[in-house]
J.: 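Below you'll find the structure I mean.
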Amino acid sequence: MKARNVLITSMVILMLLPGVLFAQAAPEEPDSNTMRLAWWGNPTRDERTYKAVELFEAKNPGVTIETETTGWSGYWDKMNTQAAAGSLPDLMQHDYAYMLQWVERKQLADLTPYVDKGIIDLSKINDSFLTGGMVDGKLYGISLGTNAVCLTYDPAVLKKAGISQIDSATWTWEDFERIALQVYQKTGVQTIPFFTTDPKVGFDNMIRQTGASTYGETGLGFTDPSVLREFYAIQLRLLDAGALIKPETAFVTVSPEEGAIAKGETWVEFIWSNQFVSTQAAAQRPLEIALLPNIKNAKAKGTFLKPSMFFSIPASAENPELAAKFLNYFVNDIEVNEILMGERGVPIPDDVREHMSTMVDPINKQIFDYISLASRNAGPIDAPDPAGSGEFLKMVRDVTQEILMKRVSLDEGVAKIMSRGNEILK
């Protein structure tokens, strides 16, 4: 043991002497041609992403992309562990629900400098697609696909009722109510209550059109209940006319194949755009997609584009410029998007989306076209849902049924949502 200590002491002295042969190894510089890429995936996404990586490497000789894929359930545990160890990848798939937290912890880099340098090209992307990745005016994530709330309707039923195609960019809730009554009077087909799974999605769209939002920093984001009241008043008027499917039936959760639109019991259903494929398949007849109607004297757009997921560059990335270059390629390159085929959602650059719409099947093309329409008629996305939102959504669904089943009056139900909402979200 004594001999070993003498040897170690001698080595330390030698390292301190000038001109010695020994020196402490300097930290290795990161390889500018190598980067790490991480995403949560599934077999289809993984296979397409690997092919995208191979194509990037072929287009950029000497570049190596190290890939890391995990299922959703384990992805965030893995990323949080890497964040704690200072070993996050150079480019990571991110989610809207977590982005604000990561930004507040200073774990993500602002992408604006890479846009300013021309490494990331946003020239063919509508600003409405970018707002979801922005915090305090800085860009922390670029959407890899998008989704928007909508309604789907049966054009054959409208034609039978003597109604021409809907101009969903300009129609109003008065138009909707008139159409619903005419359809019922001419065909006997009813209207389903609005957003039976999550009524908040429906009145949220209306509230956004007033320039307010459902959620505020410490409670509800609106104080005037008139629009919320109208959301239910429309349905109650249709119910009294016999034109609304009874809520006792409508609020029972069933599969798309057992749903009212699949059975031809309603001419309309309220969905998110990514649900159109399953809704159409269940209906087994042609359906169309439309924007939700406008309220009177709307001050803002009710529709917003919801990012399916993002790519973000961690603040600790060792090779952020190469990561930015790959991000730009992934989003803007038409050849790679022919490989990806919109698996992460409808592409956000106009030229990519238009090109891909010619390659997908007719049903997915309807979704692509709808997202293009929505992008021209959308406002900024609201902040992520606050703590307590889950309890709020359940309360709203319960009170909605009480109102439509007439267990409470319209005014009592609306007052209950306002008071309980502020209590839950305070």
Side-chain angles (χ1 to χ4, degrees), residues 28-72 75 78-79 82 87-94 108-109 111 113-125 129-130 133 139 141-146 307-314 316-361 364-365 368:
E28 290 186 10
E29 291 292 324
D31 186 346
S32 61
N33 290 322
T34 300
M35 61 160 274
R36 291 166 54 213
L37 168 68
W39 69 92
W40 68 84
N42 55 58
T44 300
R45 180 175 302 160
D46 294 348
E47 180 184 0
R48 294 181 186 183
T49 308
Y50 291 139
K51 289 180 179 179
V53 166
E54 290 172 3
L55 180 60
F56 183 81
E57 291 176 336
K59 290 185 173 187
N60 297 272
V63 168
T64 300
I65 309 294
E66 298 174 354
T67 56
E68 305 172 18
T69 180
T70 311
W72 170 263
Y75 180 80
K78 180 178 179 179
M79 291 299 104
Q82 290 186 0
S87 61
L88 284 167
D90 298 283
L91 186 64
M92 64 179 291
Q93 202 165 278
H94 223 285
L108 297 182
L111 303 179
Y114 305 105
V115 177
D116 294 341
K117 291 178 183 177
I119 299 174
I120 298 176
D121 179 11
L122 303 181
S123 63
K124 296 179 181 177
I125 299 175
F129 287 108
L130 299 172
L139 183 65
I142 293 180
S143 175
L144 304 179
T146 197
S308 60
M309 60 200 74
F310 301 96
F311 265 155
S312 296
I313 298 177
S316 61
E318 293 187 349
N319 203 341
E321 287 215 359
L322 182 56
K325 185 176 181 181
F326 183 88
L327 193 162
N328 181 72
Y329 151 84
F330 201 90
V331 171
N332 286 304
D333 189 287
I334 287 179
E335 188 176 0
V336 75
N337 275 278
E338 289 179 353
I339 294 172
L340 300 171
M341 287 299 290
E343 190 278 330
R344 282 176 168 86
V346 176
I348 64 173
D350 293 339
D351 59 335
V352 176
R353 188 171 60 254
E354 289 166 9
H355 175 78
M356 294 306 300
S357 71
T358 67
M359 301 187 65
V360 296
D361 62 66
N364 277 288
K365 186 180 185 307
F368 274 59

J.: First locate atom CD1 of I348, then atom CD1 of I125, and finally report the distance between them rounded to the nearest 0.5 Å.
T.: 4.0 Å

J.: Measure the CD-CE distance between E338 and M356 for me, rounded to the nearest 0.5 Å.
T.: 6.5 Å

J.: Rounded to the nearest 0.5 Å, what separates atom CE in M79 from atom OG in S87?
T.: 8.5 Å

J.: If a pair satisfies salt bridge (Lys or Arg N to Asp or Glu O under 4.0 Å) and one of its residues is in residues 52-72, list it, with sequence neighbours excluded.
T.: R36-E68, K59-D333, K59-E335, E68-K78

J.: Using the side chain to side chain contact (heavy atoms under 4.5 Å, CB included) rule, pick out the option among I313, L322, I65 that qualifies with L91.
T.: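 Result: among I313, L322, I65, I313 is the only option passing the side chain to side chain contact (heavy atoms under 4.5 Å, CB included) with L91.
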
J.: Rounded at 0.5 Å granularity, tell me how far CD1 in I119 sits from CG in L327.
T.: 11.0 Å

J.: If we ignore hydrogens and angles and just use 3.5 Å, is the side chain of D90 paired with the main-chain N or O of A323 as donor and acceptor?
T.: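 No, the answer is negative, given that no donor and acceptor are paired below the 3.5 Å cut-off.
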
J.: If I compare all heavy atoms of N319 with all of N33, which pair ends up nearest, and what's the gap?
T.: ND2-N, 3.9 Å

J.: Looking at E47 and K51, does any basic side-chain N land under 4.0 Å from a carboxylate oxygen?
T.: yes

J.: Closest approach of T44 and E343, non-hydrogen atoms and distance?
T.: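 It is CG2-CG, 4.2 Å.
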
J.: Is the backbone N or O of D121 less than 3.5 Å from a side-chain atom of N332, with the two atoms forming a donor-acceptor pair by type?
T.: yes

J.: Hey, mind stepping through Q82 and M92 against side-chain contact (heavy atoms from CB on, under 4.5 Å) and telling me if it holds?
T.: CA-CA 12 Å; Q82 290 186 0; M92 64 179 291; over 6 Å; no

J.: Just how far is it from atom CD1 of I334 to atom CD1 of I339, taken to the nearest 0.5 Å?
T.: 13.0 Å

J.: Would you please name every residue forming a ring pair (Phe, Tyr, Trp, His ring centres under 6.0 Å) with F330, sequence neighbours left out?
T.: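 Partners of F330 by the ring pair (Phe, Tyr, Trp, His ring centres under 6.0 Å) criterion, ordered by chain and then number, come out as F311, F326.
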
J.: Can you name the nearest heavy-atom pair linking S143 to S308, along with the distance?
T.: OG-N, 4.4 Å

J.: Quick one: do L144 and Q93 satisfy side-chain contact (heavy atoms from CB on, under 4.5 Å)? Show the steps, please.
T.: CA-CA 9 Å; L144 304 179; Q93 202 165 278; 4.2 Å; yes

J.: Is the side chain of T64 donor-acceptor paired with the backbone N or O of T34 at a distance under 3.5 Å, no angle test?
T.: no

J.: For the residue pair F56 and V63, establish whether any side-chain heavy-atom pair is separated by less than 4.5 Å.
T.: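 Of all side-chain heavy-atom pairs linking V63 with F56, at least one is under 4.5 Å.
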
J.: Is there side-chain contact between P347 and F368, with heavy atoms separated by less than 4.5 Å?
T.: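 Yes. Closest side-chain heavy atoms under 4.5 Å.
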
J.: Restricting to ring pair (Phe, Tyr, Trp, His ring centres under 6.0 Å), what partner residues turn up for W40, sequence neighbours left out?
T.: W72, Y75, W76

J.: Please step through side-chain contact (heavy atoms from CB on, under 4.5 Å) for the pair R344 and T49, ending with a clear verdict.
T.: CA-CA 10 Å; R344 282 176 168 86; T49 308; 3.1 Å; yes

J.: Could you grab the distance from atom CD1 of I142 to atom CG of N328, nearest 0.5 Å is fine?
T.: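 Separation between the atoms: 7.5 Å.
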
J.: May I have the step-by-step check of side-chain contact (heavy atoms from CB on, under 4.5 Å) for N60 and K325, ending in yes or no?
T.: CA-CA 10 Å; N60 297 272; K325 185 176 181 181; 2.9 Å; yes

